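In this text, all values refer to a predicted model and were calculated from it rather than measured experimentally. Heavy atoms only: backbone and side chains are in, while hydrogens, waters and symmetry mates are out.
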Amino acid sequence: MRIDIVTIFPDYFGPIDADGRVGASGPLGVSLIGKAGARGDIDFRVHDLRRWTTDVHHAVDDTPFGGGPGMVMKPDVWGAALDDVLADAAPTDAPSSADAAAPASATPPARLVVPAPSGAPFTQELAAAYAAESHLVFACGRYEGIDSRVVADARTRMVVDEVSIGDYVLAGGEAAVAVIVEAVCRLLPGVLGNEQSAADDSFGGAGGAMSGLLEGPVYTRPRAWRGLEVPDVLLSGHHQAIARWQRDEALRRTAANRPDLIRRLAATGEGFDKRDRQVIAEAGYPVDGESAAL
Ligand code: JAH
């Protein structure tokens with residue numbers, strides 16, 4: 001997979017060489033993602049947006065039409081940057097493929113991701129869709145955002161997603177890109193190591209027993225710590241009882257922290273069994289066809 005990131009703060013992502021390749025530190029250089037990059041499973045390229053400025057001051061922003069606070073990022077600079085990054089990743093075909101039957105481009109199209117507080121929610125489902133792409137380009141905005149015509153223009157030739165990682169405002173898109181890249185890359189084959197972990201996560205990406213629920217509590221040794229015991233059922237060896245207890249805990253935690261997820265699951269076909277409904281009711285969120293509590 002190829003991942004390009006365009007930003008006015010390339011250093012945010014770690015040490016960057018002359019070709020935009022990332023070094024062995026920073027959010028793209030460490031841990032599982034760093035190893036995937038070092039193996040060549042992911043080709044990260046970070047680009048300084050100011051490279052595409054043409055004025056002496058290297059200005060990337062200007063005052064907003066219509067007034068208001070702050071500054072807006074200039075469309076001409078972003079347009080040139082995205083054109084070059086996309087052209088560089090999709091080089092024109094070699095002379096050998098110049099015959100009429102050859103496709104215009106052998107390179108699969110890139111998908112453009114623009115983090116913004118006004119974007120659509122970034123979800124585990126979207127992370128899985130991104131993990132199936134061969135090329136992602138991230139555009140990091142700063143100030144009050146990027147001139148809206150940049151996304152409108154890019155949409156004439158590629159899929160563009162304006163995404164939000166949560167209801168809060170950052171100083172720019174860089175931290176959101178680090179979050180999205182981590183959520184996506186851990187889903188790539190060979191990146192996580194333990195392939196089962198992704199399916200058992202909160203939100204249960206692979207649609208297992210915990211699909212759509214938050215994860216319950218987890219424990220390791222010692223069995224007793226500071227007077228707190230690991231729940232007996234986890235030491236019982238009764239796999240069915242353990243699975244049921246874990247689902248109960250997942251339901252309790254989801255009802256307490258994310259009643260919206262309980263509501264969503266109640267509305268789907270898979271739904272809840274009798275025990276599920278009992279646990280949810282005890283948590284204060286009765287689930288039955290008549291309930292107005294949801
Ligand atoms: C802020 C450009 N959903 C989190 C998020 C993502 C992006 C931004 N803020 C919050 C942001 C300023 C400029 C992007």
Side-chain angles (χ1 to χ4, degrees), residues 2-23 25-29 44-89 110-123 126-127 130 135-184:
R2 169 138 174 178
I3 295 181
D4 288 275
I5 301 171
V6 184
T7 170
I8 62 168
F9 294 117
D11 294 345
Y12 180 94
F13 296 96
I16 307 300
D17 76 8
D19 293 327
R21 290 191 173 84
V22 301
S25 63
L28 308 181
F44 289 112
R45 302 297 180 97
V46 181
H47 312 273
D48 186 348
L49 179 69
R50 288 193 202 276
R51 194 174 122 203
W52 287 277
T53 58
T54 52
D55 65 315
V56 286
H57 296 109
H58 302 290
V60 294
D61 61 330
D62 201 346
T63 53
F65 277 122
M71 300 289 271
V72 172
M73 296 190 101
K74 291 162 59 60
D76 53 340
V77 177
W78 270 109
L82 294 176
D83 287 353
D84 280 357
V85 166
L86 293 167
D88 181 54
R111 187 162 176 169
L112 179 63
V113 182
V114 186
S118 54
F122 177 71
T123 58
L126 204 50
Y130 289 176
H135 186 196
L136 298 172
V137 178
F138 291 94
C140 300
R142 282 267 151 181
Y143 316 107
E144 300 305 309
I146 303 169
D147 185 300
S148 287
R149 292 168 294 183
V150 173
V151 162
D153 173 62
R155 282 203 168 118
T156 66
R157 56 188 154 272
M158 66 197 302
V159 175
V160 183
D161 298 331
E162 294 180 281
V163 298
S164 166
I165 62 161
D167 291 339
Y168 39 80
V169 182
L170 300 169
E174 286 80 5
V177 168
V179 167
I180 294 166
V181 166
E182 183 162 322
V184 171

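- The CG atom of L49 sits 10.0 Å away from atom CG of D61, with the distance rounded to the nearest 0.5 Å.
- Between V184 and I3 the shortest side-chain heavy-atom distance does not fall below 4.5 Å.
- Shown here is D167, whose CG atom has no more than 12 heavy atoms of other residues, nucleotides or ligands within 6.0 Å.
- If you take CE on M158 and CG on L112, they are separated by 5.0 Å, rounding to the nearest 0.5 Å.
- Residues W78 and V6 meet the side-chain proximity criterion, which asks for heavy atoms closer than 4.5 Å.
- Taking the side chain as every heavy atom from C-beta outward, P117 and Y168 never approach each other to under 4.5 Å.
- The two atoms that bring A176 and I165 nearest to each other are CA-CD1, 3.8 Å, heavy atoms only.
- Listed here is the closest heavy atom pair of A139 and P115: O-CD, 3.3 Å.
- Atom CD of E144 and atom OG1 of T63 lie 12.5 Å apart (nearest 0.5 Å).
- V72 and I146 make their closest contact through CG1-C, 4.1 Å (heavy atoms, listed as atom of the first residue, atom of the second, distance).
- Shown here are the side-chain hydrogen bond (donor to acceptor under 3.5 Å, both in side chains) partners of D84, two or more places apart in sequence or in another chain: W52.
- Contact check for T7 versus Y12: no side-chain heavy atoms found under the 4.5 Å cut-off.
- Using a 4.0 Å cut-off between a side-chain N of Lys or Arg and a carboxylate O of Asp or Glu, R50 and D48 do not qualify as a salt bridge.
- Counting heavy atoms from C-beta on, the side chains of V181 and F138 come closer than 4.5 Å.
- Atom CG of residue D83 and atom CZ of residue R157 lie 5.5 Å apart, to the nearest 0.5 angstrom.
- In terms of heavy-atom proximity, G119 sits nearest to S164 at O-CB, 3.6 Å.
- Distance check: F122 CZ to Y130 OH gives 6.5 Å after rounding to the nearest 0.5 Å.
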Step-by-step side-chain contact (heavy atoms from CB on, under 4.5 Å) determination, V60 to Y143 | CA-CA 10 Å; V60 294; Y143 316 107; 4.0 Å; yes
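- Here the closest non-hydrogen pair linking R155 and V160 is NH2-O, 3.3 Å.
- Using a 4.5 Å cut-off on side-chain heavy atoms (C-beta onward), R142 and E174 make contact.
- Heavy-atom minimum distance, G70 versus P64: O-CD, 3.2 Å.
- Remark: P75 engages D147, R149, V150 in a side chain to side chain contact (heavy atoms under 4.5 Å, CB included) (not counting sequence neighbours).
- In this structure, SG in C140 is found 6.5 Å from CD1 in I5, a value given to the nearest 0.5 Å.
- Listed by chain and number, the residues in a side-chain hydrogen bond (donor to acceptor under 3.5 Å, both in side chains) with R2 are D4, D88 (sequence neighbours excluded).
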